[in-house]
**Student:** 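Quick one: structure below, then a few questions.
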Amino acid sequence: KPVIAIVGRPNVGKSTIFNRIVGERVSIVEDTPGVTRDRIYSSGEWLNYQFNLIDTGGIDIGDEPFLAQIRQQAEIAIDEADVIIFLTNGREGVTSADEEVAKILYRSKKPVVLAVNKVDNPEMRSSIYDFYALGFGEPFPISGSHGLGLGDLLDAVAEHFKNIVTEEYDEETIKFSLIGRPNVGKSSLVNALLGEDRVIVSNIAGTTRDAVDTSYRYEGQDFVIIDTAGMRKKGKVYESTEKYSVLRALKAIDRSDVVLVVIDGEEGIIEQDKKIAGYAHEAGRAVVIVVNKWDAVDKDEKTMKDFETNIREHFLFLDYAPIVFLSAKTTRRIHTLLPKIILASENHSLRVETSVLNDVIMDAVAMNPTPTDKGKRLKIYYATQVAVKPPAFAIFVNEPELMHFSYERFLQNRIRDAFGFEGTPIKIFARAR
Ligand code: GDP
């Protein structure tokens, strides 16, 4: 999916426009307890285009002076986005801060669409002509608070999508990324995986300058490690700004089949790990939990079991994810990782036979009768798998409202018991026939 970033000095209305564009999607109820998504990165849709949107205004740069902040936000946008919406304020005219942003964007050579916000009525349209001076061609008048002009703006943005070269990896290639807080050993793990006997095929530049993926082949299977560059990039804005690393992680998750959630075995689990793991789950990717630095842990025969119990308690929503204990440093047990990645990936795109699925559902119903509400009973007619990555199942019923959450859970567990699906979330929903 192409990435759009909204850039502009403070108070031009970036967040308002962001919310307008992503619309109801932002208010989608989180189904992962304890996880709140930062609202700086979200998906949107216009005509037939799907895209991801970044609100750079939501990226907190810290105590830097005003201009330095604007500059850094613009640079993040240039790094991360395929198309940039440069937002200005029609009520205030062109300011020197706008000119500063323009200079940075101009040098980047990324496609830029200029928007003039707060043009709330037709009489104000004449104010937009000054903005030609910024050098990005025709300014688009919009009104975030009234929702005006967004269609034309998005049309202009979508024009640029046509020129974007998105990476194309083979269907058979397993794409995975590593996420985790700084210093858990992500880069070390990549190095360990790419060690001696793995042949690095190439470094392919992805959609953005910095999204450098690493392709390699192992025992006849092709793999791509998504955004290796982002993982290795240290210092500067990249590590110091938490929201920015989150953004980077979300982007990598988006492009992956399998996400490795890396935890520091020496330090144990902290709240931030939970949050990061939540992103992978919510995105519907396959997940493998990796406990790194296992070499540095004092162990007896119970240690691994205890650690596993601890993980299961903290990551209730990731009950399907296999756990691998290893050391990137000594490479001990590292050979146990790839089989789990492959397994998770296979299950993520697994299709089950409809007849077998229906046998499983009917057995489940025989074992545990469907719920009733106000004297009415839920009737299940049949079930079918409607999607992969992750596997999703539609259950056709008399009245979907009668499908109670706990019953849905029960059916989901029966499907898991029957087909496995280790490493991948699965979704089920009731549909009226
Ligand atoms: P990243 O920020 O997640 O990419 O983490 P790095 O790969 O840069 O590793 C952070 C630190 O942890 C470095 O000092 C590594 O040498 C160390 N480290 C990484 N993996 C291991 C491991 O398996 N065992 C031990 N003891 N240290 C490790």
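It should be emphasised that the depicted structure is a prediction, and the values quoted were computed from it without experimental measurement. Ligands are counted one by one from 1 in listed order, and the atoms in each one are counted from 1 as well.
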**Student:** Within ligand 1, which atoms have a heavy atom of Ala296 less than 4.0 Å away?
**Tutor:**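 Heavy-atom distances to Ala296 below 4.0 Å select 26 (N).
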**Student:** Kindly write out the residues that satisfy side chain to side chain donor-acceptor pair (under 3.5 Å) with Glu100, not counting sequence neighbours, or none if the list is empty.
**Tutor:**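 Testing Glu100 for side chain to side chain donor-acceptor pair (under 3.5 Å), a comparison that skips the adjacent residues, returns Arg71.
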**Student:** Using distance alone, with no hydrogens and no angle criterion, decide if Asp300 and Thr303 have a side-chain donor and acceptor under 3.5 Å apart.
**Tutor:**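 There is such a pair (donor and acceptor under 3.5 Å, judged by atom type) between the side chains of Asp300 and Thr303.
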**Student:** Whether Arg255 and Asp213 form a salt bridge (side-chain N of Lys/Arg under 4.0 Å from carboxylate O of Asp/Glu) is what I want to check.
**Tutor:**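 Here Asp213 pairs with Arg255 in a salt bridge, since their nearest N and O are under 4.0 Å apart.
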**Student:** I'd like to check which ligand 1 atoms, numbered from 1 as shown, lie under 4.0 Å from a non-hydrogen atom of Ser188.
**Tutor:**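 Every atom of ligand 1 under 4.0 Å from some heavy atom of Ser188: 6 (P), 7 (O), 9 (O), 15 (C), 19 (C), 20 (N).
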**Student:** Quick one: does ligand 1 sit under 4.0 Å from the side chain of Pro182, the backbone, both or neither, non-hydrogen atoms only?
**Tutor:**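 It is the backbone that touches ligand 1; the side chain stays farther off.
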**Student:** Are the side chains of Glu99 and Leu134 in touch, meaning some heavy atoms are under 4.5 Å apart?
**Tutor:**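 Side chain of Glu99 against side chain of Leu134, heavy atoms only: contact under 4.5 Å found.
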**Student:** So is Ser327 polar-close to ligand 1, meaning N/O to N/O under 3.5 Å?
**Tutor:**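 There is such a contact, yes.
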**Student:** Going by the atom numbers of ligand 1, which of them fall below 4.0 Å from some non-hydrogen atom of Val184?
**Tutor:**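 Close to Val184: 3 (O), 5 (O).
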**Student:** Give me each pair satisfying ring pair (Phe, Tyr, Trp, His ring centres under 6.0 Å) with a member in residues 78-106, each pair once, sequence neighbours excluded.
**Tutor:**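 Applying ring pair (Phe, Tyr, Trp, His ring centres under 6.0 Å) to every pair that reaches into residues 78-106, excluding sequence neighbours, yields Phe86-Phe136, Tyr106-Phe136.
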**Student:** Is Asp295 touching ligand 1 with its side chain, its backbone, both, or neither, if touching means heavy atoms under 4.0 Å apart?
**Tutor:**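 Side chain only.
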**Student:** Please report whether ligand 1 has a polar contact with Ser187, defined as an N or O pair separated by less than 3.5 Å (distance criterion only).
**Tutor:**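 N/O-N/O distance under 3.5 Å: yes.
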**Student:** Report, as yes or no, whether the 6.0 Å neighbourhood of atom CZ on Arg312 holds more than 12 heavy atoms from other residues, nucleotides or ligands.
**Tutor:**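 Yes, the 6.0 Å shell around CZ holds more than 12 heavy atoms from other groups.
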**Student:** If you take the nearest heavy atom of each of Arg333, Lys186, Lys293, which one is closest to atom 12 (O) of ligand 1?
**Tutor:**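 Selected option, by shortest heavy-atom distance: Lys293.
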